[in-house]
Every structure is written in C-alpha cells, then in structure tokens.
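Below is one structure, written out as structure tokens, with a few remarks after it.
Each chain gets a letter, A, B and so on, in the order the sequences are listed, and its residues count up from 1. Hydrogens, waters and symmetry mates are skipped; everything else that's a heavy atom, side chains included, is used. Here the structure is a predicted model, which is why all the values come from computation and not from measurement.
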Protein chains: 6
Amino acid sequence: MTYIINTDKIKRAAIPWEERPQNSDSPIWRYSKNPVIPRNLLPDSNSIFNSAVAYHQDGFAGVFRCDDTRRYMRIHSGRSEDGINWKINPEPIRFIPSQSSINDLKFDFAYDPRVCWIEDRYYVTWCNGYANHPTIGVAYTNDFEKFYQMENAFLPHNRNGVLFPRKINGLYMMLSRPSDNGHTPFGDIYLSQSPDLTFWGKHRFVMGACGPGWQSTKIGAGPVPIETNEGWLLFYHGVLTSCNGFVYSMGAALLDLEKPWQVIARTEPYIMSPQTLYECVGDVPNVVFPCGALTDPETGQIAIYYGAADTVSGLAFTKVDLIVDFVKRNSSI
Amino acid sequence: MTYIINTDKIKRAAIPWEERPQNSDSPIWRYSKNPVIPRNLLPDSNSIFNSAVAYHQDGFAGVFRCDDTRRYMRIHSGRSEDGINWKINPEPIRFIPSQSSINDLKFDFAYDPRVCWIEDRYYVTWCNGYANHPTIGVAYTNDFEKFYQMENAFLPHNRNGVLFPRKINGLYMMLSRPSDNGHTPFGDIYLSQSPDLTFWGKHRFVMGACGPGWQSTKIGAGPVPIETNEGWLLFYHGVLTSCNGFVYSMGAALLDLEKPWQVIARTEPYIMSPQTLYECVGDVPNVVFPCGALTDPETGQIAIYYGAADTVSGLAFTKVDLIVDFVKRNSSI
Amino acid sequence: MTYIINTDKIKRAAIPWEERPQNSDSPIWRYSKNPVIPRNLLPDSNSIFNSAVAYHQDGFAGVFRCDDTRRYMRIHSGRSEDGINWKINPEPIRFIPSQSSINDLKFDFAYDPRVCWIEDRYYVTWCNGYANHPTIGVAYTNDFEKFYQMENAFLPHNRNGVLFPRKINGLYMMLSRPSDNGHTPFGDIYLSQSPDLTFWGKHRFVMGACGPGWQSTKIGAGPVPIETNEGWLLFYHGVLTSCNGFVYSMGAALLDLEKPWQVIARTEPYIMSPQTLYECVGDVPNVVFPCGALTDPETGQIAIYYGAADTVSGLAFTKVDLIVDFVKRNSSI
Amino acid sequence: MTYIINTDKIKRAAIPWEERPQNSDSPIWRYSKNPVIPRNLLPDSNSIFNSAVAYHQDGFAGVFRCDDTRRYMRIHSGRSEDGINWKINPEPIRFIPSQSSINDLKFDFAYDPRVCWIEDRYYVTWCNGYANHPTIGVAYTNDFEKFYQMENAFLPHNRNGVLFPRKINGLYMMLSRPSDNGHTPFGDIYLSQSPDLTFWGKHRFVMGACGPGWQSTKIGAGPVPIETNEGWLLFYHGVLTSCNGFVYSMGAALLDLEKPWQVIARTEPYIMSPQTLYECVGDVPNVVFPCGALTDPETGQIAIYYGAADTVSGLAFTKVDLIVDFVKRNSSI
Amino acid sequence: MTYIINTDKIKRAAIPWEERPQNSDSPIWRYSKNPVIPRNLLPDSNSIFNSAVAYHQDGFAGVFRCDDTRRYMRIHSGRSEDGINWKINPEPIRFIPSQSSINDLKFDFAYDPRVCWIEDRYYVTWCNGYANHPTIGVAYTNDFEKFYQMENAFLPHNRNGVLFPRKINGLYMMLSRPSDNGHTPFGDIYLSQSPDLTFWGKHRFVMGACGPGWQSTKIGAGPVPIETNEGWLLFYHGVLTSCNGFVYSMGAALLDLEKPWQVIARTEPYIMSPQTLYECVGDVPNVVFPCGALTDPETGQIAIYYGAADTVSGLAFTKVDLIVDFVKRNSSI
Amino acid sequence: MTYIINTDKIKRAAIPWEERPQNSDSPIWRYSKNPVIPRNLLPDSNSIFNSAVAYHQDGFAGVFRCDDTRRYMRIHSGRSEDGINWKINPEPIRFIPSQSSINDLKFDFAYDPRVCWIEDRYYVTWCNGYANHPTIGVAYTNDFEKFYQMENAFLPHNRNGVLFPRKINGLYMMLSRPSDNGHTPFGDIYLSQSPDLTFWGKHRFVMGACGPGWQSTKIGAGPVPIETNEGWLLFYHGVLTSCNGFVYSMGAALLDLEKPWQVIARTEPYIMSPQTLYECVGDVPNVVFPCGALTDPETGQIAIYYGAADTVSGLAFTKVDLIVDFVKRNSSI
C-alpha cells in the first residue's frame, strides 16, 4: 500500500476534493468547475496561472503568478479557506532583503513560483529575473505577508526550481531545469544540494527530455515532491514541439528517497494533456503546467494546481495509490 | 474635459453604440453581438478583418480586407446605414491610375486598409504589394466606387501606413511601421511628411516596441488619429511573442498636436487583448488588430473596428474622456 | 456528365452520406455529427486522425493513425458496418515480413496511412520511420488482420505516399511528397512508377506549392485518387504559413488518366479550410487533412475522411459531378 | 564607340591607372599593389574599406569607412594627390546640421559612403544609423572639411543609397537597397526621385537578386552611376549564400539614360569575385564591394575603389568601352 | 595482405603518383604541386572541383564540376594523358536522352559528378537539378563525348550518388545521401538496389553522421568504392559545424563485399582535414571533398581527387594496404 | 606606478619575452615566431589552442586543449623549460576522483582549461561535458601528473570558468559565462563565490556584452586575473557577429580588489583582434582567444597565451603599466 509521509506538522484543513467520475479509470481527473481561478480575479490581471499553494493556518495560502495587463510577470500572495475560492493580494510581493548584500540583486521579473515548507518556515522559489536573465530566486515567509529574499540559488539561465520538503543527508535539495534566455527548446531536470540554501553544489542529472512523444523537447519539475513510502512522487511537465508550437503535458515520476537524483520510475505516457477549451485556448494554447499540490496524508488525496493555456488555473485530483501504481506500471525505466 | 475636435464637415449619421456594461470600469468594451462582420459575408470570402470605415453620405462606407478562399489578400469597398450591417462589394477594388506613370506599378496584393478624409476627399492607404514586397499604397475616392491610385508613399518594406486627417504645418503626415518582407519580428512607428502626398521625407521616429510585455515585439498604428484637445489620440496594436507565436493586443497613445512625432502619453498596459473565442480561435489565433474608428464629436463616443484572429471583424466602444484619462494615468512616459 | 469509374469489383455497402444543406452551394459539406471519430475512442489514444478507409466484406475497414498517450505515432486497423461507428483494434498493427530481408527494416513510427485496393488485395502505404527518418512504408492485407510488410518504396525523407488503384501502362503508380526530417517548410507532389511495387523509378514532378495563398508552403496527396471520366480526381492538402504556424486546408485536382503526372485542373481556392472548433482547436490548431475516401460509383457520392486539428477525425461529403465541375471552373492551369 | 559623358566641370587630375596585364582578356583587372589602403592607415583604425572618392581641387578627396578598434563604424574624410596615397583625417566627420530640425536626428553609426558631385557641390550619402536602424543619410560639402547634414532620404531600413550625378527630368534620383535590420538575406535595387533632396517618392523597382548564382541573395548599387552614350553604367555588388556565409562579387549594368529604372543590360556573370588573399581573408572573408570610382572622360579609363574582406581597400581598373561591351555581350535581359 | 580486386579490364595508364614524404607516417599524403587543377583552367570558370576521373583509352578521362563566372553549376568532360595535366571541354556536357521520355526531365543544374565503369560503359552520376531540387542524375558514355541521360535514380532531395563498379547479387548498387533542399544540416549514407538502373528499391541504411567530431553533422560517399579482399574501400566526407560554418574532412570505411550496407570498419578520426591554404581559403573555406580515385591493382597505389575550398582540385595519395590497415585499426565499430 | 602583486610564492623561471617592436605604440604585441605551438605537435592532434600555463618547478607547466583527429575535445598536461618549447603528454588527462561521489560524474568532453595556483596547489578549471552539456569542471594537481577531479562548480550550461588566485573575504571566487548548449549567441561574465570550492553561491553579474562593436555578441574571461595595485587585471575575449560568423578579439578590464564584481575600467576598443594569417585562417577563422598568462612581478612583464583560429597557440606580450594605463584611458565606464 502506498501512503504519503507527513513531513511537516502544520495544521491541515480539508483539501479541495472531488471523487473520480464514474466510468473513468484515469489516474487523474479534472475539477468539474475548472478553471478554479479565472484570469481576471484581480482588477488588472491579464492571467493567473502556474501558481503554488500550501496549508497555512486554518486554511491555505499560496503564491500566484499574476501577469498584469502590461503582460509583466509578477508574483502575488493569496489566501483561501477552502483552496477553491482565493483572495489574492492585488499588489505584487515586495521582497525584503534577508541580508544587506541582497540589495545588490536587481529584480526584473518573477514567475512560476513554488512554495515549500521546510522545518520552520515556508520557502518560495521562482523564476527570478536577474540582470534580465532568468534564474532561481529564493525567499522565505512565515505569514505570507512578509517575504524575505535570499541569494539566488544559481547562475542564469534556470527555471522551475523546486525544493524538497526536508533535508536529505543533511543537505537541502533543489530540482531545477537549466535553460537558455528565450523560449528554450531543450531542458532536463537536475538536482543541486546545499548546506545552507545559499551555496549550492553537487549537481546531479536526474532525468531528461526523451522519446519521440509528449516529453521530447524539454521537461521541468512541477509541485514540491511528495514523500511516499515508494519514493518521492514528482509531478512534472513535458513539452512536445508540433509544427504549430509547444504542447505542455503532465507526467509523474518516483525518485529515490535518499538519492533523489536516481529515478525509480517515470511515466512513459502523459497523465494529463491539454484537452479542454481552457487548456487549449488562451494566451499560450495547449498548456497544462503543474506548479502546486495539496496532499492529505490520511486519505492519500492529492489536489494539483496547474496553469492552463498560460491564462487560468486549473485543479486536478488523484490519490497517491492510484498515481504511484500508474507510474510504476507505465514506466520504461 | 476632453473633447474630440471635428476637423471635417461631412454629414454624420449616428455611429454604432452600446453603453458600458454594468459593473465594468474598463476604458473600452466589446459590442455584445460581436463579431460584427462574419468571415463568410461574401460568397467566396475566407475572412473579413482589419478594415476601415468612415462617415459617408447618410451613413457609412468603408474599405475591407477580404481574403478570398484562395487566401489571396484583397480590399473591397462596402457601405452600411448603421455601421453594423454592411454590404460589401464582392468584387475587389480595381484602382484607376491617377496619372499615367502609375501604370508602372505592379499590383500583387492589398491588405489592412485605412480610410482618412482630408479636406475634400477620402484617402485610402493600405499595405500594397509592389514587386512582391509590402509597402504603403495610397489612393483617393469621393464615392467609394471609383478609387484613384497615387504613387506608393515609401520604398518597401512597410506596413500600417496611417494618414493624419489634416495637414500640420502645411505638410501631410503619415505614420507607418517599417518592416521586413516576412512575419517581421520587430517594428516601430515612424512619421513621414509630405507637401503633396507624392514625395515624402522628414521622417521621424515616434515610438517603438518596448518593455517585456504586450508590445515588446512590434507595434503599429491603428485607425486614423483622432484630434482631441489633449493631443492626437492614436489606437495602435502591440505584439508579444510567446513560445507559440505572436499575440496582438490594442493600446492607445497621445501625440503632440503640432509635433505629432512627440509622444505625450502611451498606455503601459494594453486596453484590450484577445480573450474571446472569436479573438483567440481562427486563422491566426490571438489577434486583436484595430484599423478603423468612427467618432462622434458631440458625445465623445468612439466605435473601433478591429480584426479578430485574422478571421472576423469585431467592434468595441469607448468614450474620448474615458480613454484619454486612461492613457494619461497609465503612461510610463 | 462526370462519373466515377469503378475499377474494383469488391462488394459495396452504402457509404456514409448526408445531402448538401439547404442554402449551401459549397462543393463540399461537413457531416453534421462531426467529429465522426473522437480522440479517445481507444482507452489509451491521445488522438485518432489522418486515417484511411475502404470497402471490406459487408461494410468497411480502415487503417487509423492512433497516437497513444505517450504521443507515439502508431497505426491500427478498424472495422465498421456503416462507416460512422468504428471499432478500432486497441493494438497497433504488427507487420509480418513479406520476405525475409524485410526483417532488416527497423520500425520507429508509423502515421498517416492510406489504403488502396489493387487487383486482388489491399495495399497500405504510410509514413514509416526507418532509421528514425520518415519514408513510405508499403504493406498488403486481405483481411485487415494480417498485414505483410514489403520494402519501403523510397529513400527518406518522404511522406504522403498514395498509390493509384490500378496499374497504368503496366506500372504501379505512387504519388508522394519528398520532405526533410522535421516540420518540413516546403513540399511538392511527385509521381513514381514501379513494375513490381519493390523497385521504383521514372519519377515525375506533378505539381508544387504555389501562389501566395492556402497552398503556398507545401502540398501533399490525400486519399487514393478516384478514377473519373474526366481524369483522376485527387483530393490534397495545402499549407499556408501564418505568423502563428501552419494552416492546413483541402483542395482538389484532376490528373490525366494515362499520364497522371500531367495536371488537367487544380483548385486555386481551397475547398475546405479549418473553420469549426474541432478543426481549429486541438493538438495542432487549424488542420484539415484528408487521407481517405469512400466512393459510390452508382450515385457519384463521395465521403471524405479527414484529420481535424491532428486530434479527431472528420467526415465531409461531395458528389463527383459537383466537385469535378468546381475543380474545372476554379483552376488556374 | 562607347564614351563617358562628362557632366561636371571640376578640374581633373590624372586618375590612378595601370594597363591591362598581358595575356589577360578580362574586362577588369586589379591594381598590382593592392590593397591600396591598408587596414591600419589610421592609428586606431581596425579597417578601412567600402569608401568613395572624387576629383577635388588639384587631386582627389574622399569619404572613407574607417571602423575603429572598438569596431564602431565611422566615416572620415581624406585627400590624395594621386588617388593612391591617401591622408585620412583621424577624426570622424562631425556633421553640421543644414537646418535646425536636423538636430532631432540621432546619430548612431555611419558606413559605406558614396560621394556624388551634382551641379555645385559634393553630396555624401551613407548608411546612417537613425534610432539604431540603418537608413540613408545625406549631406553636402564643398571642401571635404565642413559637411552639412540634410534630412535622411528614407525610412529605415535601407542601405547602399547612391545618387545620380545630375537631375533627370527635373528630379534628383537615388538608387537604394531596402533591407531589414540585420545581415539582410534579401535585397533588390530601387530608384527614388526627389524635387529637392528632402522629399522622396515615385519609387521604382530597378532590378533584383536573381538566378542561382553570384547575385542570388541580394544586390546593391556601388559607385555613382557613370553616364555614357550607351546608358548609365552601374557597378554593383551581388551576394551568394554558401554553406559558410555570404560571398560578395561585383557586376555591372546599363540603365536607361532618361528612365534609369529601366535596365538595358546586366552582367549574368560577375566581373570580379573575391580571389586574392586580401579579398578572401579578413574580418569578413570573401568580400569584393565597390563603392567609388574615378573616371577620365578623355581616355575612358575607370578606377574602381572597392572594399576587400571588409578590411582593406582595393583598386581595380577598366575602360569604358571594354566594360560596356562586356555588359552588353553578357546580359540575359 | 590487402590488395585491390581488378573488376574491369580496360587498359590502364600509369596513375599519378608520389611516394610518401620522409618522416611521415600518415595514411594519406598530398600531391606536392597541389592544387592539381586551378580554378581558372577554363576561360570562364570560377572554380573546378569535386570532380571524377577514370582510365580511358591510353590515359584518363573525367567529368568535372566547373562553376562558371555566373556561379552556375555545370559538369564538363575532360581528358588527360597523365592524370595531372587536364584538358577540359569549355562547353558543359549536353546530355542526349537515352529514351524519349527523358525529354520530360528539366535540367536546372549539375554538380559533384562521379564516374563508374560497369561491364561495358562508363556511368556518370551527379547531383542533378530536377524541378529545381537536387536529385541523382544518371547517364552513360563510352567515349566521354556523347553522354546519354537515363532516368533520375531517386526522388529529390538527394546528393552524392555513387555506383558500385559491379552488380552484387544480380543488382546494381548505389550509395546516396538523402538531404533537404538547402545547405542540409544532416545526412547519412544509404544504399539502394536496382535490376536495371531505372527502378530502384531495397533501400538500406549504411552509416550515419556520428560522434561529436569531424563527421557529426553529415557524411556522404566520395569516389566509387574500391573492391579489395578486405571489403569495399569507401572514401567519404564528413562535416562538422563550427560557430563559423561547415568543415569538410575525409574519412574511409570498409563495407561488406556481398552485403555492402554492412559496415566492417570506419575511421573514427579523419584521414585528411583542410589544413593547407588552398583548402582553407576559397569560395567555401575549409573543405576537403573527395569525388574521384584512380587505383592501380598491381601496386596498390591510389590517387584521390578531391575538391578544395569548393574552388580548386587537389590530389592525394595512399596505398591500399596502408589505408585499409588504418581503417581497421582506427574503427570504433 | 602600476605593479603586479605577487600572491604566490612558488619559484619563478624567466617568462618568455620580447620587447615591443620599434615604431609600435600598441599596448600588446605578438611573439615574432608565432604560432608558438603548432597544430600537430602531437602525433594525432588536429589542433592545440585555448590553453593555460603556470610556473612549475624550474620552469613551466600547463594544461592544453588538444583536439585529436577525431575532432574530439580533450585536455592534456605539458611542460616547458622556457615557455616556448613545450612537451605535451600525448595521452589526455585521466582524472582521479577526489572523493567517491565524483564517480557519478560522466565525462563527455573537456576543453578551454585554465590553471590557477591558490595557496598550496594548482586548480584546473575547464569546460566539462556533463550529461553531454557544458559546465565548469574543477580539479587540482600538485605535479601536473596526477589530477584529482572535484565536483563541477555549476549546473550546465557554462563555459570559461576562471578562478581568482586567492580567497577574497574568505571565499573562493570564480568568473564564468553562463551559456546555452550550442554556439551560444549571447554571454555575460558573472562571479560566483564559495567557502569550499564545492558549494557555490552569491552570484553576481560582473559585465556584459555591450555596444555595437567587437564585444557585442558575448564575452568571457580569459587567463586567471592578475592582481595589481590598481585592481584585478582581467584579459577577456569578446565576440562580434559578422554576416560570415563570429569574430573573437581580446580586451582587458580592471576589477575591484575586494569586490571583484565591480568593474573599475574596461577597454572600449579591443587590444588585439585576429589580423595575422594564423589567426584568420584555420578550423574557425578569425579567433583570438586568451586562456593563460605568465607574469613577472619584478619586471611587470606579462606573456599571454591565446588560441588562434581554434587551431594553434599564439603568444603575445605586454607590460602591466602599459596595459593598465591603456585600460584606464580607453574605458567607457
């Protein structure tokens, strides 16, 4: 039996949930009222997508990518009692330097955040524009009001930096996807290690784009990996290049609990691809991009938040035993 | 108070109009029955979009981009009593040379027309294929039946040539967007001046693509500038390049009345982006492209005609005080 | 009067059919219940499109492109009593070598099949991955259960190989579209000849991409040519490159009965372009791609199966006299 | 007999000259001491090439493209008694606005000058960076010390603007090559007309890149056209794109004396291609690029100055009867 | 001991030869008086390279790629008594149709010939422009005066078609390199088979571009394979893409005598790369491209003719035992 | 007066030296017997360039980029008594893992080494192929015989990693140039900091490609920075993109001694560009690429080793006061 290992001890509300539809045997299914967050929830938002959520206090909090009507990329904090109805701060996050040297860091843009509770606080990682190039920004917060910016983890160009929710072998661990400075046509997932979240090293290749199919152009980690007795459960996105552009789909993998750069299993098929109108039509057609997940260790329920068409946010559900079983049965490793 | 300066004296019908929807505080709003012109209004039209209109006689007349089912680009004249229901001539415009030397000009294609009344006649400018390269064609008409072709204004490659509705400092003025011979990935707005509409010079840079947002790839003038006491009101399009192609949105700017190459204000956010199904789905997904406008100096009402998804024509409304106020409050200049 | 020449003698069922809608004078019209085959007809199919059908026994059989949820390209056999409701084998076709040397042929992928009855058996041609490059695979079957693979017809890189349903001047004839190894931005139709379906030669240029319109980037043969008293009726696809990618439309041509590399007529306009939601939205937006057709020589009815948006299968109808008349009247040759 | 028409009356020195080598029947031959101007003639010059010369006072003067060791593109004036030994001003030309509005023109870079005497002064045209885009700058001088800048002739993007040495039909005439903003992969020669050198119009296509050979990618006018009784003699460059980049060669054409947009003859072969070490090796390998010429109407001698490998200046000789005869015999028009 | 198998019986002259220089242990060495054929051997030749030679009568004959000063690609016949001093016909080869249907074949360009004696005549294969696309032309001659054109072997796009000098298993064999229609950035060697030199099939992948080194972009067969007791000895070119373009080097392989699509050995290092001035400087810098070879079965001497910098022809020498030994010792297969 | 600060204490031999040529006032001058290392110094070397040297024992030692005749990129150690005549080990360096986890690191290729003495040993940094992507490898040696590989410093994609010769503020410092996975068309210099040479962070932008000139495409650090009383003296390369590819030149900068990410001065002109035949002709034309330097603190002499045309190694000389003075006088900062 597969179960979620509960590594943090913060209080939990009931996560959003719908049972799998009758007649479906899919390992994952969409929320019936998608999109869960519309593009115009804020007065001047062009789109709200690729966002991350976490348990917080009696409910939930999150960090949201809200592109404004300038189409500038910004991240905002938000709160929700039920994980469905969100109040997002109309002002972008203004980071407070965690130490004086951080003032040196120019801030150009911010997008695609992840939120990860480790030990005593929430860490936010995001694609941070430094010297106008994308790299991985890191900050922490306790209350989703004040966010303290730390050193960028890596040199440019990098995207999709995702922390593990606990130290492993005494080191913090972060997945990321080195890239170039444009609409990168390649991309593999690597893991980096740190004693202090400031200096990073011991970089390891984890897994790459592969095959002729849905994940042949590039891949990138999605929500914070979920610890299970079968390994770290990682949802990730993969990209196929059609004659009319990129198609982003979702897959899942299991990583070794102690050597998380070793892949135990990985879905050869996607688990979700853009098929609904809100995933296929929008500012970037044909995008399903998971960034956040809420898990309930008691029931094994998982609620995945994903960006749809780079325009709105969708919600999808699975259960840990279903998805882990699917990953293992559909792996080519 | 902002008001429209009425520079021509031709008779005016009531322009199309709908009040701003309840609960909206947007500076611009769509016609509730969009698309106002369907793709197949003509028997063999593939699409009708990026078109220009003007007061004419008791109603309105216009020049329409009608791509036929060969996907050849042609412009047609049309008429309407109410600006909503249009009768478009199924035959493309056949230009009559305004002087014998014009016969030398080969005619390859015609698209994206604008119509501008100056002094005693209507001038049509459009993207004209000369030697198979795009440049700005110029013609005049009095009746939307006979169109007299004049010399092309510029050397290739150029698009989005837009006249001002009166001479300034004794010179005709035209905005345009120099480009290359393909799907140009760059483009700024320039102004050129002419004593006679034949010879052009004193070219001035007006404003360029800018920022990381909706107008970062290229920009181009839309309808004929509208004279207001605050400056020339220019609606224009801006393009962002996503990983899946171009996205065309609409913005607005104010230009100095006497030195119209000087920008007074310019919207940092877009005022309208492709968000409806008819703007996001079609021959070119994600396009909002304004080409024509009708204004009522008495009420300050403005009706903007725009191409949607390079397939159909949409209609949007604003009021001069609303939009000028928005431009000034949202300008980064 | 134009009529279909019935070259095979196999028993025929009633082909799918709907009369032309009232008020339409189009030479071709869509099935009112399109898409006729949904993307998820198979448990693990991502999409079912670009497929070919034929009379078989009391009904119909076909070979279908079914991309699975890995987005791997595979071809499957299927059967139907009415041409509307299809049962597709969930297992891809496993080819049996027709001779021992065929074992040398590596099999990487298979897509866009055509099915052609010649003399005593059905031949399947498809885009076959050999050494990871696309070329034209050839196989035969009698029962749509056992498929015997023959030698690839050509060297890479080739796509859209389409056989003629009888020998001409003692030689088998195949149309194809030489290409490159990617999303080829060029492509003309050639004809090749063979005494034995193994060795091919006497290659002839048939017709090329042309004009500034819908068929300006590349073209490729669609269903098996239909023999009529006016010439071989060929449905084909043409591609236009917009700033946001390829748009695939359908045209038709007439080829000389005895020298089929000579084009008698060819539609300057398309006969069908992507205009419905299922053609404009999907894994590849804006695709109409004909691959199969059923004809009834007695009534002149033709039912065309075409891929829509590289996602689902559509069905369209025409009559031989209507379409041949349209081709002749709208040809620029 | 072909002869040069002497349109200006300024005093003439003896132009540089060498007789055609024995055994050669080439229509053009290189100066035996090439390169005539080395790359480092100035203390901080990286390269001196693509330059223009004219009779001046008792000898010659010119405007020279001197890229400095920043690799910034600048133009300098220079003088010579014999056309061989040049003294170039180490300071770039600082243009004096010919009227106050010219101060608006930002100056970003200057390269590839031409010098043309018309009526009473020397006009300089060059590729002028305006708003960081290339267009045609125009200035005049009487003494090669003070240069008065006039309005740019055209909108960007343009290069290789070349004036005719007299008005034709009462209008100034300029050849140019519209381009894009990079290493333009296309380019044809157009002619524009002006009553006053400020406003330009009546643009005419003259001739385009053609064939599969040396002039298949783009072409551009070289020195000021030379008036002969057989037509305007135009030396021009043509570009072929090999798998390792552009190759620039030289050709010649004859244009109608009164309608100079009409081509009388044009060399199908090049007349000179990069074959010496100083033409094949340098900052841009494989470039022969003519920009200036000195003619002696009495002898028919022509000395052509051309850039070699974008690094140094070469000199080549021909005679008007030889070259005109060659153009006419080797024309495909 | 390795020796050459003498398959033809035509009379042989002494092939060009120089012994390996002292101190060299290279498997191949250049002719001390290279380039053996200068670029301007013909009055209007721009370059002479990538050419093929054969024993003929008392000496040698060949087919030469001579690009003229239009830079049009043409092939010419030539003769030599000693293989060093060549007389090339200044007129390109005018092919005589070998049968009436060949008249249908448009002739656009011809380059990179090979010459192969089989049984009773010389066959010429070359890159033939058909419908403006490259494919493999085939012709035969007995006297290098009259050349009879046969059907093109393949559909476009193809280059480097090279026949084997005898039938194998009753079939003619040809190597070729399928390509695209430009400066193809990929390319592998395939083998095709034919009963009659008109119809071709049984295509087999032979070997591909590989590794990160000199043959990583594409490869193509060079001279006609030389039969040895160790297998068919094939000289071929390989291409590396540097940041400044393609670099063409030469390698060698051994193919199975009866199944020549099976590679016995293949040089991991190149055997010759562009290192001399005439190979590094010219119309295309950095090209060594072998097309022809003369062999002496008695001595094992081999003289290889290769194009240098796409400008001139070089000559290099090896001995069959040296080179076969080198291939076997330096193979990674 | 500018002087070199002698941070290491190892014994010094006399570095290679030639005085500045008469009549020259250049801040840098070439060795009169360049290339100092020919391409074929090793039996199977294709090229030897982009290499680093250091004082060692009684003379000098170095690490050399030796591409073999497979064109595989490898680094070799070498020794010299005089810095002119080098003995390079024909076997590439085989790294010994410095700790067991290093065994995980796949080794694909190695190029462009630098050598830096810090405290008690030599550190080698190079472009290391990990998972087939370039990143910065790190190793140490004491004897140039045994090299111990440490963790890669960064995630891919990175090149030109250059250590500072001492800790600053208690941290090791490394310059590098983040890139993409091909012939990167962009590139700035960043600085990263580390307490232990394993974990890196506190990344700072140092300086970027700039201007329209020689350093407009990308830049990268060259030899180990030289400590002077005026700041760290950094030689670096800059790249300009011509229509025929990249041109690599050399510049110099001064960085703040304690905050070395702050640029004090930087040459607007290059100090050396490819102008000799061995710099302009070779495997990559037009490359001057400095990687190593020897300095004599007593005399202020500096000998710079640089790769020429990616083929051979050149040597150039300067004096610290000359070059620092030049940098300060020619800086635009």
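- In this structure, chain B has a heavy atom under 4.5 Å from the side chain of D:Ser176, while its backbone stays farther away.
- You'll find the ring centres of B:Phe199 and D:Trp200 outside the 6.0 Å limit.
- Only the side chain of D:Phe186 has a heavy atom closer than 4.5 Å to any heavy atom of chain B.
- Between D:Tyr236 and D:Trp214, the ring centre distance stays below 6.0 Å.
- Residue contact with chain B, scored on non-hydrogen atoms closer than 4.5 Å, involves the backbone and the side chain of D:Thr198 alike.
- For D:Trp126 and D:Tyr111, the gap between ring centers reaches or exceeds 6.0 Å.
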Carefully, step by step, assess B:Val138 and B:Met174 under the rule side chain to side chain contact (heavy atoms under 4.5 Å, CB included). CA-CA 11 Å; B:Val138 185; B:Met174 195 193 294; 4.2 Å; yes

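- The residue among B:Asp180, B:Leu155, B:Asp196 with the most heavy atom pairs within less than 4.5 Å of chain D is B:Leu155.
- D:His237 and D:Tyr248 have their aromatic ring centers within a separation under 6.0 angstrom.
- Of all the listed residues (B:Ser194, B:Ser179, B:Ser192, B:Pro195), the one sharing the greatest number of non-hydrogen pairs under 4.5 Å with chain D is B:Pro195.
- The distance between the ring centers of D:His157 and D:Tyr130 does not fall below 6.0 angstrom.
- Contacts of D:Asn158 with chain B are made by side-chain atoms alone, with heavy-atom separations under 4.5 Å and no backbone atom involved.
- Contact annotation for D:Leu171: only side-chain heavy atoms (C-beta onward) come within less than 4.5 Å of a heavy atom of chain B.
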